[in-house]
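Below: one structure, written as structure tokens.
Counting from 1, the numbers follow the sequence of the chain as shown. Predicted, not measured: the structure shown is a model, and the values here were computed from it. As a basis for the values below, the full set of heavy atoms in this structure was taken, side chains included, without hydrogen atoms, waters or symmetry mates.
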Amino acid sequence: MSDKKVIFVAGGAGYIGSHMTRLLLEEGFKPIVFDNLSTGFREFVPKEARFVRGDLRRERDIENALERYRPSAVMHFAAALVVPESVSDPLKYYENNVAAAITLLRAMRRQKVKRIIFSSTAAVYGEPQRIPVREDNPACPVNPYGRSKLMIEAILKDTAYAYPEDFRYISLRYFNVAGAHPAGGIGQKGPQITHLIPNILRAAMGSKKLTVFGKDWPTPDGTCIRDYIHVVDLCQAHLLALKAFDRGVNNEIFNLGSSKGFSVKAMIRAVEQVTGKKVPHRYGPRRPGDPARLIASSKKAREILGWRPRYGLDEIIETAWQWENR
Ligand code: UDP
């Protein structure tokens, strides 16, 4: 028998996974963090959570952990997620993301774990036909990262079709996740930080000039537009998805974004305002694999999950700034 309160958090030592683990503990769940620490950090895992060091590509590692802890659901955050790297090293993405997901699903089947919440991405849309983009917009990813996540969604769908009694999923398509837990201690960290907000903040701190990738995009100011969402709001949606399973919400896809778009230039201005610092920057060429505009319609998550993001852009920047200044 599975234990309803036990949740298996694959990639729980990473940026988003560690926020999720904290939230699960706050809500009285028992998170089991499974992570190979390739990009995660042991110190991100609270001492109240169980930690299993293991690799998703080794079925034995996962099965042992599932067998031992009998979770009622899996949350799957473990993935390679850097768009430009996926363009230069696609096989890493198909192996780390697609192959690992298959191994995880096989282990879940064998251990009779029936529910998974999957971390998908707005990158599955590619260059959307309509903005704000809805879940039924055609998915035509423009980089291997997005393709790897879309392949996994297809695998989840086929698996749920094949085993309707024994396997159900909810896939959450994240837009641009940023910010950090207001209480501190966890945040975006790593030797190669490629994401915009940490890079702008580092430029504001004077450590490295920001390069804006392209100023000739088909947008009003020529820079790319993205939809930024606070990591704690994102994790709240996962808790709501867990509850939604109990109401019979199954095999669904939800966008998670703020439904507001900000260009790279607008983000620089916002950071300057919140931090009171100048952001030294220069313009470089477009970055391979980038779409021009991504803004979510989150209507479905609001209506079906009852999700309400609480943090605005200023709080995203403030909490990320606190983290960078730790
Ligand atoms: N970007 C940029 N300079 C940077 C990092 C990112 O101009 O140092 C741009 C990037 O081209 C994209 C947007 O900021 O248009 C968001 O990029 P990020 O890597 O944060 O997220 P993505 O949307 O690729 O997942």
Can you check whether Arg42 reaches Phe51 side chain to side chain, under 4.5 Å on heavy atoms?
-> yes

Is Ile268 close to Leu210 at the side-chain level, that is, under 4.5 Å between some pair of heavy atoms?
-> yes

Identify whether Met75 and Ile229 are in the same connected component of the hydrophobic contact network (ILVMFWY, side-chain heavy atoms under 4.5 Å).
-> yes

Determine yes or no for a side-chain-to-main-chain donor-acceptor pair under 3.5 angstrom, with Thr319 supplying the side chain and Ala180 the backbone.
-> yes

Look at atom NZ of Lys300 and say whether more than 12 heavy atoms of other residues, nucleotides or ligands are closer to it than 6.0 Å.
-> yes

Is the closest basic N to carboxylate O distance between Arg58 and Asp61 below 4.0 Å?
-> yes

Give a yes or no on this: more than 12 heavy atoms of other residues, nucleotides or ligands lie within 6.0 Å of atom CZ of Arg50.
-> no

How about Leu234 and Phe175: do any of their side-chain heavy atoms sit closer than 4.5 Å?
-> no

Side-chain donor-acceptor pairs under 3.5 Å in residues 124-131, sequence neighbours left out?
residue : atom : partner : partner atom : Å
Tyr125  : OH   : Arg173  : NH1          : 2.9
Tyr125  : OH   : Asn255  : OD1          : 2.6
Glu127  : OE1  : Ala292  : N            : 2.8
Glu127  : OE2  : Ala292  : N            : 3.1
Glu127  : OE2  : Arg293  : N            : 3.4

Taking it one step at a time, do Ser120 and Glu153 satisfy side-chain hydrogen bond (donor to acceptor under 3.5 Å, both in side chains)?
-> CA-CA 8 Å; Ser120 187; Glu153 285 191 350; 2.7 Å; yes

State which residues pass ring pair (Phe, Tyr, Trp, His ring centres under 6.0 Å) with Tyr163; sequence neighbours excluded, sorted by chain then number.
-> none

Can any side-chain N or O of Lys149 pair as donor or acceptor with the backbone N or O of Ser119 at less than 3.5 Å?
-> yes

Under the 3.5 angstrom rule, does the side chain of Trp307 hit a backbone N or O of Glu303 as a donor-acceptor pair?
-> no

Are Phe254 and His238 an aromatic pair by the rule of ring centers under 6.0 Å?
-> no

In the single-linkage hydrophobic clustering (I, L, V, M, F, W, Y; side-chain heavy atoms under 4.5 Å), do Ile7 and Leu239 co-cluster?
-> yes

Is there side-chain contact between Asn97 and His76, with at least one heavy-atom pair below 4.5 Å?
-> no

Roughly how far, to the nearest 0.5 Å, is the OG1 atom of Thr159 from the CD1 atom of Ile102?
-> 8.5 Å

For the pair Asp166 (side chain) and Arg109 (backbone), establish whether a donor and an acceptor sit closer than 3.5 Å, ignoring hydrogens and angles.
-> no

Minimum heavy-atom separation for Ser297 to Glu135, with atom names?
-> O-OE2, 4.0 Å

Would Arg60 and Asn64 count as having a side-chain donor-acceptor pair, cut-off 3.5 Å?
-> yes

May I ask you to check whether Tyr228 and His230 place their ring centers less than 6.0 Å from one another?
-> no

Would you find a donor on one side and an acceptor on the other, under 3.5 Å apart, between the side chain of Ser86 and the backbone of Pro90?
-> no

Ionic contact status for Asp221 with Lys265, cut-off 4.0 Å | no

Taking every non-hydrogen atom, the tightest pair across Val279 and Ala204 | CG2-CB, 4.1 Å

Any salt bridge between Asp227 and Lys260, counting N to O under 4.0 Å?
-> no

So, Asp233 side chain and Tyr311 main chain: donor-acceptor pair closer than 3.5 Å or not?
-> yes

Is there a salt bridge (Lys or Arg N to Asp or Glu O under 4.0 Å) between Asp35 and Arg53 once you walk through the steps?
-> CA-CA 5 Å; Asp35 204 298; Arg53 183 162 184 174; over 6 Å; no

Sub-3.5 Å donor-acceptor pair from the side chain of Arg134 to the main-chain atoms of Ala296, do we have one?
-> no

Drop me the distance from Leu172's CG to Phe118's CZ, to the nearest 0.5 angstrom.
-> 10.0 Å

Should the pair Lys277-Glu272 be classified as a salt bridge under the 4.0 Å nitrogen-to-oxygen rule?
-> no

Heavy atoms only: give me the nearest Glu165-Lys114 pair and the separation to one decimal.
-> O-CD, 4.0 Å

With side chains defined as the heavy atoms from C-beta onward, is the minimum distance between Val264 and Leu196 less than 4.5 Å?
-> yes

Under 6.0 Å from the CZ atom of Arg110, do we count more than 12 heavy atoms belonging to anything else shown?
-> yes

Quick one: which residue pairs count as a side-chain hydrogen bond (donor to acceptor under 3.5 Å, both in side chains) with a foot in residues 5-19, not counting sequence neighbours?
-> none

Heavy-atom pair of closest approach, residues Pro71 and Ser2 = O-CB, 3.4 Å

Check whether more than 12 heavy atoms from other residues, nucleotides or ligands sit under 6.0 Å from atom CD of Glu26, and answer yes or no.
-> yes

Take Val249 and Arg168 through the side-chain contact (heavy atoms from CB on, under 4.5 Å) test and state the conclusion after the steps.
-> CA-CA 9 Å; Val249 175; Arg168 305 186 292 152; over 6 Å; no

Which pair of heavy atoms, one from Tyr93 and one from Val82, lies closest together, and at what distance?
-> OH-N, 3.0 Å

Does CZ belonging to Arg287 count more than 12 external heavy atoms closer than 6.0 Å?
-> yes

Applying the 4.5 Å side-chain criterion to the ILVMFWY set and letting contacts propagate, would Leu201 and Trp323 be lumped into a single cluster?
-> no

Taking the side chain as every heavy atom from C-beta outward, state whether Phe262 and Arg226 have any atom pair closer than 4.5 Å.
-> no

Verify, without hydrogens or angle tests, whether Asn96 (side chain) and Ala79 (backbone) share a donor-acceptor contact under 3.5 angstrom.
-> no

So do the side chains of Pro220 and Ile225 get within less than 4.5 Å of each other, counting heavy atoms only?
-> yes

Chi angles and distances behind the side-chain contact (heavy atoms from CB on, under 4.5 Å) call for Ser263, Thr223 = CA-CA 6 Å; Ser263 70; Thr223 64; 3.3 Å; yes

Do any N or O atoms from the side chain of Ser298 and from the backbone of Ala301 form a donor-acceptor pair under 3.5 angstrom?
-> no

For the residue pair Ile32 and Val9, establish whether any side-chain heavy-atom pair is separated by less than 4.5 Å.
-> no

Go through the steps for Met205 and Trp321 under the test side-chain contact (heavy atoms from CB on, under 4.5 Å), then give the verdict.
-> CA-CA 9 Å; Met205 291 169 91; Trp321 182 238; 3.4 Å; yes

CZ on Arg22 to CD on Glu27, rounded to 0.5 Å | 14.0 Å

Are Val83 and Ile197 grouped together when hydrophobic residues (ILVMFWY) are joined by side-chain heavy atoms under 4.5 angstrom apart?
-> no

Which of Leu23, Leu24, Val6 passes side chain to side chain contact (heavy atoms under 4.5 Å, CB included) with Pro31? Answer is Leu24

Could you grab the distance from atom CG of Leu104 to atom CZ of Arg57, nearest 0.5 Å is fine?
-> 13.0 Å

Flag, side chain of Ser207 to backbone of Ala203, donor-acceptor distance under 3.5 Å | no

What about Tyr145 and Val142, same hydrophobic cluster or not, with Ile/Leu/Val/Met/Phe/Trp/Tyr joined at side-chain heavy-atom distances under 4.5 Å?
-> no

Please determine if Lys189 forms a cation-pi arrangement with Phe41, meaning its NZ or CZ atom is less than 6.0 Å from the six-membered ring centre and no more than 45° off the ring axis.
-> yes

What closest approach, in Å, do Gly12 and Val45 show between heavy atoms, and which atom pair accounts for it?
-> O-CG2, 4.4 Å

